[in-house]
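Working notes for the structure below.
A, B, ... follow the sequence lines: proteins, then strands. Residue 1 opens every chain. As a basis for the values below, the full set of heavy atoms in this structure was taken, side chains included, without hydrogen atoms, waters or symmetry mates.
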Number of protein chains: 2
Amino acid sequence: MEPSSPEVAAAPARPADSGLHARVLEHLGTAICGGELAPGSVLNIDELVDRYAVSRSVVREVLRVLASIGFIEARRRVGVMIRPASAWNVFDPQVIRWRLASAGRIAQLRSITELRTAVEPHAAYLAASRIGRDEASDLVGLAAKMWAAGEAGDEERFLHLDIEFHRRVLLASGNEMFVRLQELVAEVLTGRHKHHLMPHHPHEQALQMHADVAQAIQRRDGERARQAMVQLMEQAFDEMKSLWEQTALPDRSTDGGPTTSR
Amino acid sequence: MEPSSPEVAAAPARPADSGLHARVLEHLGTAICGGELAPGSVLNIDELVDRYAVSRSVVREVLRVLASIGFIEARRRVGVMIRPASAWNVFDPQVIRWRLASAGRIAQLRSITELRTAVEPHAAYLAASRIGRDEASDLVGLAAKMWAAGEAGDEERFLHLDIEFHRRVLLASGNEMFVRLQELVAEVLTGRHKHHLMPHHPHEQALQMHADVAQAIQRRDGERARQAMVQLMEQAFDEMKSLWEQTALPDRSTDGGPTTSR
DNA sequence: TAGATCCAAATGATATGATCTTTGAGTGGA
DNA sequence: TCCACTCAAAGATCATATCATTTGGATCTA
């Protein structure tokens, strides 16, 4: 196998990927999010042990995690039942990753975008009264860099700066829960970029609004910061509207295809 | 339904309590949230096996769950490290329960209240365009019942109606993530009640605002619904402000009693 | 026949002991 | 001093066994 050669090319996997647990968890989580395992269907441990060719320990540990995020419910004499999406911990970063990688990606993007629309303006408002001097300066600087990147048409750089900008505002809000939404925002922005929903040269308005938000926060004008962020959100929402309008409602009522079934 | 004898006092354990797993998880989760296990400190599996007198299976399953919510990180040759609060999944209902039961209760209430302030107005706005006729009628009816309960000074009933009212608005928003915040709102309202932060006779204003929200939603006037909800949130926030102001900064000058200390 | 009671299989829950894998720390040589 | 090597600690995984609960169906009684 790997006699530990000098190059060590791959050797990634710092956080949580390699390992049987992660592998099985990933597979099951994806399957449930993707609807391949429909709500109500039942698994049992031994079956999973066979299917993934791992030990009971691994399977049980995975099931405990899935249960803790509301994906399944284990009952004696019955088995492991898949629970409906309404029971899922939709704020769990892992769940969000899976959903963004599934067919429900658009719906997930929409949910998060609406959440952003609600939260970020208030975060900007709070940040205005809680941010530190240096942080505020950095924020204004970031807005300036965004302007530069926008003018230069450097989309990649703009995206990263955009993510960083919103991250800082959420951080400065001083609310631990808002801070945690930072990663969701990053996902949405990246998703928007992937779907080519951003003009090559960001709207002049958007650039100005970022600058407004930063400045208002620095001047500790919470109300103005909120207003500017609201406008920013409205524009972002409009840009993405085409996404859900083209994928609109799949009419989930009477689920036509028996799908997979396995 | 209940053929059992009249006594049968206990009869607990429907969802997730009884069982070694739940017991150990609860204990460790509480300890970490409460700061009894400081970030950076290290545990090891065998130690936990001894401490709780359970098998490794149970301990490992608990640790996997704790790891999935960011409480711990297991590393070979080292042990199980407690992670800082900044790594926690603060949206996990379980985490919120633990925190509300810990010394950080006030801070948790504050975070959630700020989140409500951000989300509920937007939820009302969205509900105005997405709610069904019957649901809207029910909402108006609920506001009316709240008025009645408020007039009658029936605090218990008012609390329940209040929770139900906000639950319905979040549900009607049509956003799965907002819906999930419903349980947090319930916790905050209950907490506010426990701390006697509500006047025995709810403010006339608050009653009127609930009615306004309901009516605006029914009339599909999103902007008005949002405004009314904003006012509602501002009042609620003001009522609770005393909570964090009295707990926020030590203020040892007029130190009445050494309080808790545990 | 209808209903209450009891039994046993199914399946998750827990326990236990062994082995594999990773990795921090110590150790020795250049 | 520094790098390579070795070793052991601790989690990760495996295999097996036993316990406990649930539930469908057989059995018994009125």
Side-chain angles (χ1 to χ4, degrees), chain A residues 1-8 10-28 37 40-68 70-83, chain B residues 1-5 8 10-28 37 40-68 70-83:
Chain A
M1 18 293 268
E2 285 274 89
S4 70
S5 52
E7 37 270 50
V8 192
R14 217 48 37 65
D17 38 49
S18 67
L20 300 182
H21 177 83
R23 192 166 62 75
V24 176
L25 178 63
E26 187 71 17
H27 195 273
L28 275 175
L37 289 174
S41 54
V42 175
L43 306 173
N44 77 40
I45 294 182
D46 294 319
E47 176 188 332
L48 293 170
V49 166
D50 292 341
R51 184 190 308 180
Y52 292 107
V54 296
S55 70
R56 296 178 91 72
S57 313
V58 173
V59 170
R60 295 201 99 264
E61 286 165 27
V62 166
L63 293 182
R64 286 293 195 191
V65 172
L66 290 175
S68 96
F71 274 25
I72 64 169
E73 186 183 352
R75 287 160 66 172
R76 291 179 166 172
R77 176 62 201 242
V78 175
V80 177
M81 246 187 347
I82 310 295
R83 300 183 68 187
Chain B
M1 26 292 269
E2 286 273 73
S4 51
S5 52
V8 193
R14 214 50 39 64
D17 39 51
S18 68
L20 300 182
H21 177 83
R23 191 166 63 75
V24 176
L25 178 63
E26 187 71 18
H27 194 273
L28 274 176
L37 288 173
S41 54
V42 176
L43 306 173
N44 75 41
I45 293 181
D46 295 321
E47 175 188 333
L48 294 172
V49 166
D50 293 341
R51 184 188 310 178
Y52 293 107
V54 296
S55 70
R56 274 204 316 282
S57 314
V58 172
V59 170
R60 295 201 100 265
E61 286 165 27
V62 166
L63 293 181
R64 286 292 194 190
V65 171
L66 289 175
S68 95
F71 274 26
I72 63 171
E73 186 183 352
R75 285 160 66 172
R76 291 179 169 177
R77 177 60 204 245
V78 175
V80 177
M81 244 186 348
I82 310 296
R83 300 183 67 188

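- In this structure, CD1 of B:Ile45 is placed 11 Å from P of D:dA10, rounded to the nearest angstrom.
- Considering only the side chain of A:Ala74, C:dA13 comes nearest among C:dA13, D:dG11, D:dA9.
- The base of D:dT23 is paired with the side chain of A:Arg77 by a donor and an acceptor separated by under 3.5 Å.
- When all heavy atoms of A:Arg23 and A:Tyr52 are compared, the closest pair comes out as NH2-O, 3.9 Å.
- Rounded to an integer number of Å, the gap from CD of B:Glu47 to C1' of D:dA10 is 12 Å.
- One atom, CZ of B:Arg75, and another, P of D:dA12, lie 12 Å apart when rounded to the nearest Å.
- Here the closest non-hydrogen pair linking B:Ser68 and A:Val65 is CB-CG1, 3.8 Å.
- Between A:Leu63 and A:Ile72, the shortest heavy-atom distance links the atoms O-CD1, 3.2 Å.
- Scanning all heavy atoms of the two residues, the minimum distance from B:Leu37 to B:Ser41 falls at C-OG, 4.0 Å.
- One can place CG of B:Leu66 at 16 Å from C1' of D:dG11, the figure rounded to the nearest angstrom.
- With values rounded to the nearest 0.5 angstrom, A:Arg51 atom CZ is found 7.0 Å from A:Leu28 atom CG.
- The two residues A:Val59 and A:Ile45 make their nearest non-hydrogen contact at CG1-CG2, 4.0 Å.
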So which protein nitrogen or oxygen atoms get under 3.5 Å of nucleotides 13-15 of chain D's nitrogens or oxygens?
| unit_1 | atom_1 | unit_2 | atom_2 | d |
| --- | --- | --- | --- | --- |
| D:dT13 | OP1 | A:Leu20 | N | 2.7 |
| D:dT13 | OP2 | B:Arg64 | NH2 | 2.9 |
| D:dC14 | OP2 | A:Ser55 | N | 2.7 |
| D:dC14 | OP2 | A:Ser55 | OG | 3.1 |

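- Separating the CG atom of B:Asp46 from the P atom of C:dT16 is a distance of 13 Å, rounded to the nearest angstrom.
- Residue A:Met81 contributes atom CE, which lies 14 Å from atom P of C:dT11 at whole-angstrom precision.
- Counting to the nearest Å, the P atom of D:dA9 and the CG atom of B:Asn44 are 12 Å from each other.
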